[in-house]
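Side chains are part of it too, since the values below use all heavy atoms of this structure and drop only hydrogens, waters and symmetry mates.
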Amino acid sequence: MATLALARFGPGLLWDSQQPVASWTAVAANLVVGIGWIVAFARFLRGLDELQRKFLQDALEVTLGVGWVGGFAYVVADAAGLIAYDLNIALFPVLLGVVYSIAFVVGKIRYR
């Protein structure tokens with residue numbers, strides 16, 4: 001979150017927005033930290049027992065499906081002029097987090 005905030009708000013608050021080197025450095029730092037997060041999560045998944053991994057993978061499958069289907073449905077509806085207002089893109093990760101949490105809890109209840 002810190003590197004994302006730095007890349008997003010740094011050009012207006014910490015340095016002049018006309019300094020592309022600082023902005024690109026912040027974006028690169030965010031990408032490097034993101035790649036590190038992905039590698040760490042993959043290691044975490046490999047270290048789990050089979051049932052716990054099943055819960056997480058099932059929840060991730062549902063979340064990916066909702067993200068693809070919901071995201072593309074929004075894009076198509078917006079392109080067709082069916083959406084009267086613009087959604088803030090920050091709501092999309094929140095939606096995915098809620099879907100993931102619900103899918104994980106449902107998975108744990110289902111496998112009791």
Side-chain angles (χ1 to χ4, degrees):
M1 289 300 279
T3 59
L4 181 60
L6 182 67
R8 170 62 180 94
F9 299 113
L13 298 175
L14 301 176
W15 61 82
D16 183 23
S17 62
Q18 300 302 318
Q19 294 178 337
V21 173
S23 296
W24 279 113
T25 302
V27 169
N30 182 256
L31 287 173
V32 168
V33 169
I35 290 168
W37 182 87
I38 292 168
V39 170
F41 188 71
R43 287 182 185 163
F44 169 73
L45 280 177
R46 283 192 293 273
L48 293 175
D49 66 23
E50 291 179 19
L51 186 59
Q52 189 71 16
R53 190 175 320 133
K54 175 89 171 124
F55 297 153
L56 286 172
Q57 287 177 334
D58 287 351
L60 288 170
E61 290 168 3
V62 170
T63 305
L64 179 64
V66 167
W68 277 83
V69 172
F72 284 124
Y74 175 78
V75 168
V76 169
D78 189 39
L82 301 174
I83 308 282
Y85 56 91
D86 287 331
L87 290 177
N88 187 346
I89 192 65
L91 293 175
F92 190 65
V94 171
L95 170 69
L96 295 181
V98 169
V99 167
Y100 175 78
S101 298
I102 291 170
F104 183 78
V105 169
V106 167
K108 284 198 82 97
I109 291 170
R110 188 175 67 183
Y111 283 102
R112 278 192 181 186

Using 0.5 Å steps for rounding, measure from the CD atom of E50 to the CD atom of Q57. 10.5 Å
Over all atoms of both residues, closest heavy-atom pair of [X] and [Y]:
{"X": "F92", "Y": "G67", "result": "CZ-O, 3.6 Å"}
{"X": "P11", "Y": "S23", "result": "CG-OG, 3.5 Å"}
{"X": "N30", "Y": "L4", "result": "ND2-N, 3.1 Å"}
{"X": "V33", "Y": "T3", "result": "CG2-CG2, 3.7 Å"}
{"X": "D58", "Y": "R110", "result": "OD2-NH2, 3.3 Å"}

Between F104 and F55, how do the two ring planes meet: parallel, tilted or perpendicular, split at 30° and 60°? perpendicular
Angle between ring planes, F72 versus W68, binned at 30° and 60°: parallel, tilted or perpendicular? tilted
So do the side chains of [X] and [Y] get within less than 4.5 Å of each other, counting heavy atoms only?
{"X": "W15", "Y": "T25", "answer": "no"}
{"X": "Y74", "Y": "L82", "answer": "no"}
{"X": "I102", "Y": "V62", "answer": "no"}

ILVMFWY network linking L51 to L60, side-chain heavy atoms under 4.5 angstrom: yes
Could you state whether V75 and L64 fall into the same hydrophobic cluster, counting links through intermediate Ile, Leu, Val, Met, Phe, Trp or Tyr residues with side-chain heavy atoms under 4.5 angstrom apart? no
Give a yes or no answer on whether the side chain of D49 reaches the backbone of Q52 with a donor-acceptor pair at less than 3.5 Å. yes
Does CZ belonging to R8 count more than 12 external heavy atoms closer than 6.0 Å? no
Please determine whether side chain to side chain contact (heavy atoms under 4.5 Å, CB included) holds for the pair L6 and L14, giving the CA-CA distance in whole Å, both sets of side-chain angles, and the decisive distance to 0.1 Å. CA-CA 9 Å; L6 182 67; L14 301 176; 3.5 Å; yes
Looking at L95, V105, L56, which hits side chain to side chain contact (heavy atoms under 4.5 Å, CB included) with Y100? L56
